[in-house]
Amino acid sequence: MSENVIDNDNVVKSNNFIHQIIEEEISTGKNNGRVHTRFPPEPNGYLHIGHAKSICLNFGTAQKYNGLTNLRFDDTNPSKEDTEYVDSIMEDVRWLGFDWDNRLYYASDYFDQLFGFAVKLIKEGKAYIDDQDAETISAQKGTPTRPGTESPYRNRTVEENLDLFMRMKAGEFNEGERVLRGKIDMTSPNMHMRDPILYRIMKTSHHRTGDKWCIYPMYDFAHGQCDYWEGITHSICTLEFEVHRPLYDWFIDQLKDSEYRPRQIEFSRLNLNYTVMSKRKLLELVKDGHVNGWDDPRMPTICGLRRRGYTPESVRNFAERVGVTKTDGVTDVALLEYSIREDLNKRAQRVMGVLNPLKMVITNYPEGQVEEMDAINNPEDETMGIRKVPFTRELYIEQDDFMENPPKKFFRLSPGIEVRLRYAYFVTCTNVIKDANGEIIEIHCTYDPASRGGNSPDGRKVKSTIHWVSATENIEAEVRLYDRLFSDEEPDGHKDVDFKEFMNKDSLQILPKCYIEPFVKDAKALDHFQFERLGYFNVDPDTTPEKLVFNRTVQLKDTWAKVQCK
RNA sequence: UGACCUAUGGUGUAAUUGGCAACACGUCUGAUUUUGGUUCAGAAGAGUCCAGGUUCGAGCCCUGGUAGGUCAACCA
């Protein structure tokens with residue numbers, strides 16, 4: 001990678017600013033040189049490519065410094081969370097290739113300790129019960145430019161606070177009637193320090209603790225403490241938590257009883273052009289049926305990318321290439337596409353498939369004859385060997401590979417022109433058959449028997465090699481072509497226009513009847529292929545024994561398409 | 001009238017902590033090619049947000065601006 005510096009000892013060093021901080025700390029012996037990170041999703045939705053960046057950062061950083069990474073579910077708000085999400089998150093992290101070993105935690109594991117810590121703060125006069133409603137408290141908080149004012153309940157006695165807190169826990173009050181607040185500083189320039197709410201009443205059963213609790217800690221009151229109790233050294237999160245850091249540190253100060261101290265470090269979240277990344281918007285796309293679920297191959301979710309045909313390696317490489325900084329920017333999806341092409345080019349089984357069939361009849365080829373042609377499985381990897389492809393008198397070729405009146409730089413088949421059928425023969429177009437409307441329905445060719453395998457003994461050249469599939473010896477398949485979901489580079493970047501206005505109406509194109517060479521007949525869900533000259537495709541899980549379904553992961557680079565545009 | 005953060009080719013990042021602004025994607029040439037793919041060779045493209053200052057020397061340090069982001073859920 002670009003940030004890799006190969007020094008004289010030939011050691012590859014990747015250094016983002018977080019790694020630099022860590023190396024500095026290791027050299028000064030902070031936390032005894034220990035590195036322990038965590039990936040802390042809230043189980044309220046599916047993970048997306050932005051989370052993948054965070055996962056790679058957290059797990060990758062720990063790996064680099066011989067440290068550990070915990071998986072921790074930040075489940076402090078039972079009204080939004082569900083085990084459905086817990087399961088999908090674990091699956092996605094594993095799929096990416098990371099392992100939390102036996103270190104699976106939940107913020108809810110710490111509810112008792114958190115409660116105890118709250119009691120301690122109350123006893124020390126650092127927290128109090130506020131009886132006001134949300135609106136009043138909010139109004140008293142002031143604004144970023146105007147200081148807040150103190151709650152009339154701020155100076156209750158410890159005894160009264162303790163009594164009220166116990167009664168909150170016992171369920172004596174209704175939701176919204178009481179909250180526990182930290183007693184910090186209502187005039188702080190940082191809004192988060194203005195007596196933040198620590199606990200609120202929620203009479204909702206929790207997906208793990210059931211009805212044991214009716215008061216739940218807020219994010220700020222849970223996250224740093226969980227870090228502390230787990231021995232986390234580097235609490236890596238996204239930029240919007242920057243202003244929470246003083247509060248994070250304040251709680252750590254109240255907790256700390258040794259030299260050990262976790263440190264929150266913020267980095268900028270990933271943005272991709274032509275896509276939206278917020279959970280809320282992705283949920284909207286799913287709920288309103290704009291896509292077919294969280295794992296729709298057009299979605300930037302990890303499960304969507306997986307179904308689309310992305311590999312864990314490609315996603316990890318992408319994350320590495322994007323880098324880690326504090327500057328917010330927008331990454332070009334072209335980089336993501338490059339990452340998957342790069343990976344699949346080396347690994348994908350090649351196969352011939354015709355998406356938009358045009359029948360070709362080789363008039364001088366014996367009827368009923370079937371020849372087995374040798375085809376290379378992957379030119380990038382000789383060990384993958386060769387396979388046989390059946391060749392017959394009637395074939396399908398791609399509609400785009402024939403033009404009756406070709407423009408200047410069109411190298412493919414047209415009347416009177418000779419091309420190579422890949423791994424088979426040279427053929428020359430002799431006739432074009434049209435229907436009553438003048439539509440081309442079939443083309444006739446003659447072949448040169450001497451060119452078997454694709455080379456003529458007389459050494460003559462052709463300008464083009466096209467792919468083909470036997471019209472009789474093939475597998476029919478449905479192929480789903482995907483394009484970007486949005487036609488605008490930044491669909492959620494317009495103040496007055498809803499992001500859905502920019503949805504690309506042609507983001508999904510279904511080709512119900514394509515022809516693929518017989519090799520794919522036993523392909524299993526998620527298997528990758530390169531359809532030669534077209535792109536990378538994988539088998540969609542919708543595939544049944546009766547019907548094979550492919551997704552186009554990404555097209556091959558297409559310089560001809562560029563030429564045409566000019 | 002606030003606090004905090006950020007600013008380097010079209011895009012994402014780097015610059016050994018003060019020493020000729022580098023890499024990748026993208027773009028454009030050319031070569032090779034039984035994939036208009038891959039690979040290979042090469043090119044264009046920034047003088048580092050602006051203005052001062054320190055210095056032999058500043059993307060890095062100092063001063064002052066400008067622009068953008070974040071913060072006013074009993075969300076995370």
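Heavy-atom basis, side chains included; hydrogens, waters and symmetry copies ignored. A, B, ... follow the sequence lines: proteins, then strands. Residue 1 opens every chain.
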Under 4.0 Å, counting only non-hydrogen atoms across every strand here, what does D133(A) touch: a base, just sugar-phosphate, or nothing?
base

Report yes or no: do H494(A) and D488(A) form a side-chain donor-acceptor pair below 3.5 Å?
yes

Would you say the side chains of S188(A) and N190(A) form a donor-acceptor pair under 3.5 Å?
no

How close do F426(A) and G454(A) get, heavy atom to heavy atom, and via which atoms?
CE1-O, 3.3 Å

Rounded to whole Å, CG of L283(A) lies from C1' of A76(B) at a distance of 15 Å

Base of A7(B) relative to its sugar, syn (within 90° of 0) or anti?
anti

Whole Å only: how far is the CD1 atom of I376(A) from the P atom of U33(B)?
14 Å

How would you label the contact of V322(A) with the nucleic acid (heavy atoms, under 4.0 Å): base, sugar-phosphate, or nothing?
sugar-phosphate

Taking atom CD as the centre, does E382(A) end up with more than 12 heavy-atom neighbours from other residues, nucleotides or ligands that are less than 6.0 angstrom away?
no

Can you tell me, in whole Å, how much space there is between the C1' of U55(B) and that of U63(B)?
16 Å

In whole Å, what separates the P atom of C71(B) from that of G10(B)?
29 Å

Whole-Å distance, K53(A) NZ to U13(B) C1', equals 11 Å

For residues F241(A) and Y248(A), establish whether the separation of their ring centroids is below 6.0 Å.
no

Pair Y46(A), D92(A): side-chain N/O donor-acceptor within cut-off below 3.5 Å:
no

Output the residues of residues 187-208 of chain A in contact with RNA chain B, where contact means a heavy atom of the residue under 4.0 Å from an atom of the strand; sort by number or write none.
P189(A), M191(A), H192(A), I197(A), R200(A)

Ignoring hydrogens and angles, state whether a donor on the side chain of S314(A) or N317(A) is under 3.5 Å from an acceptor on the partner side chain.
no

Atom CD of Q530(A) and atom CZ of R341(A): how far apart are they, to the nearest 0.5 Å?
11.0 Å

Using the criterion of both pairing distances under 3.5 Å for Watson-Crick and G-U wobble pairs, give all stems of 3 or more consecutive pairs involving RNA chain B.
B:2-7 with B:66-71, B:10-13 with B:22-25, B:27-31 with B:39-43, B:49-53 with B:61-65

Could you check whether the rings of F111(A) and W213(A) sit parallel, tilted or perpendicular, using 30° and 60° as the cut-offs?
perpendicular

What interatomic distance, in whole Å, is found between C1' of U27(B) and the corresponding atom of G65(B)?
36 Å

Mind checking if Q132(A) touches a base, just sugar-phosphate, or nothing, with heavy atoms under 4.0 Å?
base

Is the NZ or CZ atom of R38(A) positioned over Y105(A)'s six-membered ring, under 6.0 angstrom from the centre and within 45° of the axis?
no

Could you tell me whether S138(A) contacts a base, only the sugar-phosphate backbone, or nothing, with contacts defined as non-hydrogen atoms closer than 4.0 Å?
sugar-phosphate

Tell me what K80(A) touches on the nucleic acid: a base, only sugar-phosphate, or nothing, going by heavy atoms under 4.0 Å.
base

Is any side-chain N of the basic residue among K388(A) and D374(A) closer than 4.0 Å to the acidic one's carboxylate O?
yes

Where along nucleotides 65-70 of chain B does protein come under 4.0 Å, by heavy atom, of base (B) or sugar-phosphate alone (S), with - for untouched nucleotides?
----SS

Can a donor-acceptor pair be found between the side chains of Q349(A) and N377(A) at a distance below 3.5 Å?
yes

For nucleotides 7-11 of chain B, print each protein N/O atom paired with a nucleotide N/O atom at under 3.5 Å, atom names and distance only.
from   : atom 1 : to      : atom 2 : distance (Å)
U11(B) : O3'    : V330(A) : O      : 3.1
U11(B) : O2'    : V330(A) : O      : 3.2

Separation of the P atoms in A22(B) and G42(B), to the nearest angstrom
15 Å

How close or far is atom C1' of C74(B) from atom CG of L164(A), stated in whole angstroms?
16 Å

Mind calculating the distance between CG (N273(A)) and P (C25(B)) to the nearest angstrom?
17 Å

Determine the Euclidean distance between corresponding C1' atoms of U38(B) and U32(B); express it in Å to zero decimal places.
11 Å

Given the 90°-from-0 boundary between syn and anti, G45(B) should be labelled anti

Taking the P atom in each of A15(B) and U8(B), what is the distance between them to the nearest angstrom?
14 Å

Rounding to 0.5 Å, atoms CZ (F402(A)) and SG (C445(A)) come to a distance of 8.0 Å

Does the side chain of Q20(A) get closer than 4.0 angstrom to OP1 or OP2 of A15(B) through an N or O atom?
yes

Could you check whether E342(A) gets within reach of a base, just the sugar-phosphate, or nothing at all, counting any heavy atom under 4.0 Å?
nothing

Looking for any heavy atom pair under 4.0 Å, which part of the strands does T325(A) touch: base, sugar-phosphate only, or nothing?
sugar-phosphate

Walk me through it: do F391(A) and W468(A) pass the test ring-ring contact (aromatic ring centres under 6.0 Å, His included)?
CA-CA 9 Å; F391(A) 184 87; W468(A) 51 273; 5.2 Å; yes

Given RNA chain B, 5'-ward residue of the pair D74(A) and F17(A), judged by closest heavy atom:
F17(A)

From CD of E266(A) over to P of A76(B), roughly how many Å is that when rounded to an integer?
18 Å

Show each protein N/O and nucleotides 28-32 of chain B N/O combination with a separation under 3.5 Å, one pair to a line.
from   : atom 1 : to      : atom 2 : distance (Å)
C28(B) : OP2    : K562(A) : NZ     : 3.4

Test of ring centre spacing under 6.0 Å for F550(A) and F537(A):
no

Side-chain ion pair, D400(A) and R533(A), N-O less than 4.0 Å:
no

Can you tell whether the side chains of E172(A) and R167(A) come within less than 4.0 Å, N to carboxylate O?
yes

Please measure how far the P atom in G12(B) lies from the corresponding atom in U17(B), and state the result in whole Å.
27 Å

Are any of the side-chain nitrogens in K346(A) or E313(A) under 4.0 Å away from the carboxylate oxygens of its partner?
no

Enter the distance from C237(A):SG to Q264(A):CD here, rounded to the nearest 0.5 Å.
3.5 Å

Please determine whether a side-chain nitrogen of the Lys or Arg among R72(A) and D227(A) lies less than 4.0 Å from a carboxylate oxygen of the Asp or Glu.
yes

Residue pair R156(A), D130(A): steps toward the side-chain contact (heavy atoms from CB on, under 4.5 Å) verdict:
CA-CA 9 Å; R156(A) 291 218 241 231; D130(A) 198 328; 5.9 Å; no

Using a 4.0 Å heavy-atom cut-off to protein, can you give one letter per nucleotide of nucleotides 36-46 of chain B, 5' to 3': B if the base is in contact, S if only the sugar-phosphate is, - if neither?
BBS--------

Anti/syn call for U29(B), syn if |chi| within 90°:
anti

Rounded to whole Å, the CG-P distance (L57(A) to U13(B)) equals 12 Å

What is the distance, rounded to the nearest whole Å, between atom CZ of R269(A) and atom C1' of G12(B)?
17 Å

What interatomic distance, in whole Å, is found between P of U13(B) and the corresponding atom of A67(B)?
23 Å

What residue among Y216(A), Y110(A), F115(A), Y199(A) forms ring-ring contact (aromatic ring centres under 6.0 Å, His included) with F221(A)?
Y199(A)

Could you check whether N455(A) gets within reach of a base, just the sugar-phosphate, or nothing at all, counting any heavy atom under 4.0 Å?
base

